[in-house]
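For ligands, and for the atoms within them, numbers begin at 1 and follow the listed sequence.
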Amino acid sequence: MTSSEVTMEKLVSLCKRRSFIFQSSEIYGGLASAWDYGPLGVELKNNIKDFWWREMTQLHENIVGLDASILMHSKVWEASGHVENFTDPLVDCKQCKSRFRADQIDLEAACPVCGTRDSFTEPRQFNLMFKTHIGPVEEGGDVVYLRPETAQGIFANFKNVVQTSRVKIPFGIAQVGKAFRNEITTKNFIFRTVEFEQMEMQFFVKPGDEDEWFDYWKKNRMTYYEKLGIRKEKLRFHRHEDDELAHYAKDAFDIEFEFPMGWQELEGIHSRTDFDLSRHQEFSGKDLTYIDDQTRERFIPYVVETSAGLTRSVLMVLADAYEEETIGEGDVRTVLHFHPVVAPVTVAVLPLVKKDGLAEIAKEVELALRQDFATYYDKGGAIGRRYRRQDEIGTPYCVTIDYDTKEDKTVTLRFRDSMEQVRVPIAGLTERIRQEMKNYKRIG
Ligand code: GAP
């Protein structure tokens, strides 16, 4: 068996064809760098989000959740340094008015759009935050920004959480939500978009303990991706050089994934010191110190942050799962090897034929399985074609009802990766699928 390389074009096409991801506002010609998640895409995204949430809040007794609003007081972004520092250097072509990131273009070369030489303006700093106004008037109304990271909602609520939820240092606050950046370079599908989702966790520690926790989270986050079923050889760390560090970070590692266009950042793990809380204390005039109830020491905690892109994770999961597998002379199947925990459909139930009561039995089996799994009922077309349809959307298990089912109350359980089939009694089906999910190991 052989398989060919995944490309971004193939992913975009599969995502559209099979209801994962659509271009935003497509009927109006599309909105650049904004995407909509279709029926299967939203299930995939929610499953990744739930997996992350469980990993953080259920599997760590010292991490609590939060859901802060997207719009915050504009002082938050002055304190965080985003108003001043969250900028990209941009140049414009004087001829065709195209805009480029100065660090991503050769300023001596001709404009890549219109070919004019010596046409670039001097680089100017361009803030990436989207600005809007609260209230009916634009002039003089209150300026607010759409948050460019979810993290500041956590810092701004640090005092609330400490005072009301009995957490003790070291502890974390986790949050998933939308973030917005007026990015200039937005190609590569959902990799870099102006509206996206982040899964962030701020871990508050005693000053001096941050290096130990930084190491802990580095390891923990890499293990998480392996648990999510991502192939190890597709993941690596990249340490930030001094000139790459964000304005708040004293040390940072990215977890990178080998996307179709090359190795790129998936998640950042940042040692943020007491930068954010100190700045918020200064700008708000509120005391944001923490008192250790054993030693009575008072300090501003240090922060280790893990910041993953949710929408970018969707792209990673799709790219890692995609395979075009040659299984016979001229026979290629497209298969998504999703880990069962994130697959939009866990079990498809298929009657071999519609007649002779098989469709009715299949529907009954499907209704029973629905209580425990995301199911899909499909009675149309040749059985081989129906299997392929499920392979292409990454359904790990198919259950087929045939004439033997009527005799002995057993069904065929078919595995996506190996295409193997076994006979299982209907009575033991739920438990068997549960076991298979738990012990899942990717083949292919
Ligand atoms: N709070 C820290 C922070 O926001 P970041 O490295 O700027 O750090 C973290 O962003 C993660 O958010 C990235 O690793 C990436 O997965 C995701 N991300 C950032 N900008 C994005 C964009 N324009 N589109 C999609 N995902 C993005």
query = Checking R99 against F126: charged group under 6.0 Å from the ring centre and within 45 degrees of the axis?
reply = yes
request  = For ligand 1, list the protein residues that place a heavy atom within a distance below 4.0 Å of one of its atoms, sorted by chain and number.
outcome  = E149, A151, R181, E183, F191, R192, T193, F196, Q198, E200, Y248, E265, L266, E267, G268, H270, R272, E305, S307, G309, R312
task = Identify whether the distance between the nearest side-chain nitrogen and carboxylate oxygen of D378 and R385 falls below 4.0 Å.
result = no
ask   = Given the side-chain rings of Y224 and F51, with only the six-membered ring counted for Trp, is the space between their centroids under 6.0 Å?
value = yes
request  = Check whether any side-chain N or O of N47 sits under 3.5 Å from a backbone N or O of V342 as a donor-acceptor pair, and report yes or no.
outcome  = yes
inquiry  = Between D417 and R442, does any NZ, NE, NH1 or NH2 come within less than 4.0 Å of an OD or OE carboxylate oxygen?
reply    = no
message = Less than 4.0 angstrom from a charged side-chain N to a carboxylate O is my criterion; do E392 and R389 meet it?
response = no
